[in-house]
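Notes to accompany the following structure.
In this chain, numbering begins with 1 at the start of the sequence shown. Read the numbers this way: they start at 1 and go in the same order the structure lists the ligands and their atoms.
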Amino acid sequence: MRVAIIGQGYVGLTIAVGAAGAGHSVIGFDVNPALVDQLNAGKSHIEGITDNDLGSFISSGTYAASAEASALDGSDVIVIAVPTPLDSQRNPDLSYVHAAAELIQKKVKSPALIVNESTSYPGTLRNEIAAHITGVDHLYASSPERVDPGNTQWGTKNTPRLIGGMTSAAVAKAKEFYGSFCDSIIEVSSPEVAEAAKIFENTFRQVNIALVNEFAQIADALGISGREVLDAAATKPYGFMAFNPGPGVGGHCIPVDPSYLAHVANQVGVPATFIKRANEVNLAMPAYVVKRVIAGNDGSIEGKKVVVVGVSYKSNVADTRETPAAAVIDLLREQGATVTWHDDLVVSWRGETSSPIAGADIALVVTKHDGVDLAAINACGYVFDCTGSIAGVDGI
Ligand SMILES: NC(=O)c1ccc[n+]([C@@H]2O[C@H](COP(=O)([O-])OP(=O)(O)OC[C@H]3O[C@@H](n4cnc5c(N)ncnc54)[C@H](O)[C@@H]3O)[C@@H](O)[C@H]2O)c1
């Protein structure tokens, strides 16, 4: 099939490579010309897709990136994989989705299957995409992306894929397309069910992470190890699922997607109380971490040299979107500490660059990448570990 993918970020490039690997002819369209040039030069910008993979698809002619919207016309399948962030009021910002729909409306004159993979609330495909495209008889399906960047066990191929179409012809074509590079396809009765399933999955994570974050604080106040309690609870072979406490949630999904669900819940008059409370608990974790660090340093960190180790939102990825490390650093500075950070994957962030670990009075580990220098961390006078993986130090 001739496939065009709108957006070549984490999701769009992953799907592009999956489809190219199945022998489809793929155009990766993006509005960022620098990214397009980089991709066409065979340089991948995401973990899990090597320059070699990309280069071989480019040289065999199965993949090309483009910033030319005219490249979309004539496609059999058009996949939308654009950002769905929150605006300054923490409400859904569908401007990228609307821009993609407008692009299709203006540039695509031959009928195609249009699939939305961007995460959004139920009704997005029907009301925010299909309703904005007129004059051509396209097919429409929703297939929300479940990719977990950096996860080596679960990828595009073996993660079951949900499909909900606006018509049975759309479902049939979407099944044919995704079935060519995904092992398992699960058809649901409507695009709204597929859309809602995706945001409920991430709401489930957000709420459970908030629950263990609150529990970690209770356990600490009780003088017992929250991690040991969770490990003990996790020995129950049924009815329990382990989540880990941490400094807050980050990335493009867990802190964002539940607010999309809360938004539609509000519109239909049902308060999403769990989402609201989970947001509050998770957003308060950086302050809790800093409070514990102060308590572990005789009540003051003023004038202390603190190195924050790992500033991306999770281990072994360079993604700093919504990372709790930002709030942790700001709060440490408010307390008069001299704060640097160390992250070999991020290297440069918020106008600052990664500093060495050695020489700090306090090491505060927010995220632990493989290969980080543990000896250098342990050589700091005081260590606080948010990852639960360094023995014998303070932490959550
Ligand atoms: N990153 C993840 O782990 C993940 C997982 C599952 C779902 N999602 C969802 O997938 C969607 C995309 O996320 P992402 O992480 O790939 O985002 P991203 O920021 O990595 O990439 C988005 C790309 O879209 C491009 N873009 C923006 N507007 C465009 C337009 N009008 N036309 C063409 N290109 C445009 C940007 O330049 C960027 O390269 C979001 O809805 C997100 O919630 C992300």
Side-chain angles (χ1 to χ4, degrees), residues 4-18 27-40 43-49 65-72 75 78-87 92-108 114-122 124-125 128-129 132-133 142-151 154-156 159-162 194-195 197-203 205-206 249-261 263 312-314 316-323:
I5 299 176
I6 302 181
Q8 287 296 276
Y10 278 84
V11 168
L13 188 59
T14 304
I15 295 303
V17 165
I27 296 286
F29 173 77
D30 203 287
V31 286
N32 177 352
L35 175 63
V36 166
D37 288 347
Q38 181 189 323
L39 292 172
N40 280 332
K43 280 211 67 63
S44 163
H45 64 114
I46 69 169
E47 296 88 11
I49 294 177
S66 174
E68 287 299 324
S70 55
L72 300 175
S75 306
I78 299 176
V79 176
I80 302 173
V82 294
T84 45
L86 297 176
D87 65 18
D93 171 3
L94 286 185
S95 57
Y96 300 92
V97 168
H98 290 152
E102 196 182 317
L103 205 68
I104 295 170
Q105 165 72 18
K106 279 196 185 138
K107 299 288 178 184
V108 181
I114 295 168
V115 183
N116 183 37
E117 289 208 23
S118 318
T119 307
S120 185
Y121 52 74
T124 299
L125 179 77
E128 309 296 338
I129 296 174
H132 293 247
I133 302 170
S142 166
S143 184
E145 181 52 57
R146 293 164 145 177
V147 68
D148 178 18
N151 191 328
W154 296 103
T156 312
T159 303
R161 179 160 281 277
L162 297 179
E195 291 165 329
K198 166 72 193 181
I199 44 174
F200 186 70
E201 289 160 18
N202 283 354
T203 300
R205 276 190 70 72
Q206 178 226 32
V249 290
H252 188 4
C253 296
I254 309 293
V256 173
D257 301 351
S259 296
Y260 273 68
L261 184 55
H263 172 83
S312 63
Y313 79 92
K314 71 171 179 177
N316 302 325
V317 302
D319 192 346
T320 54
R321 288 181 289 184
E322 311 270 335
T323 177

**OP:** Report yes if some N/O of Val11 lies less than 3.5 Å from some N/O of ligand 1; otherwise report no.
**Re:** yes
Original post:
Is the closest N or O pair between Glu117 and ligand 1 shorter than 3.5 Å?
Top reply: no
Subject >> Sub-3.5 Å N/O-N/O distance, Tyr10 and ligand 1 >> reply: yes
**OP:** Please report which non-hydrogen protein atom sits nearest to atom 19 (O) of ligand 1, along with the residue it belongs to and the distance in Å to one decimal place.
**Re:** Arg321 NH1, 3.4 Å
**OP:** Could you tell me which residues satisfy side-chain hydrogen bond (donor to acceptor under 3.5 Å, both in side chains) with Glu145, sequence neighbours excluded, listed by chain and number?
**Re:** Arg161
Subject >> Shortest non-hydrogen contact from Ser44 toward Leu13 >> reply: OG-CD2, 4.2 Å
**OP:** Please confirm whether Lys198 comes within less than 3.5 Å of ligand 1 when only nitrogen or oxygen atoms on both sides are compared.
**Re:** no
**OP:** Give the residue, atom name and distance (to 0.1 Å) of the protein heavy atom nearest atom 29 (C) of ligand 1.
**Re:** Val31 CG2, 3.6 Å
Subject >> Protein heavy atom at shortest distance from atom 13 (O) of ligand 1 >> reply: His252 CD2, 3.6 Å
Subject >> Residue and atom name of the nearest protein heavy atom (relative to atom 11 (C) of ligand 1), distance in Å to one decimal >> reply: Val82 O, 3.2 Å
Original post:
With Ser75, which residues qualify under side-chain hydrogen bond (donor to acceptor under 3.5 Å, both in side chains), at least two apart?
Top reply: none
Subject >> side-chain contact (heavy atoms from CB on, under 4.5 Å), paired with Tyr121, selected from Leu261, Leu94, Asp257 >> reply: Leu94
Subject >> Asp257-ligand 1 polar pair, N/O distance under 3.5 Å >> reply: no
Original post:
Rounded to the nearest 0.5 Å, what separation is found between the NZ atom of Lys198 and the CD atom of Glu117?
Top reply: 10.0 Å
Subject >> Top protein contact for atom 37 (O) of ligand 1, by heavy-atom distance >> reply: Asp30 OD1, 2.6 Å
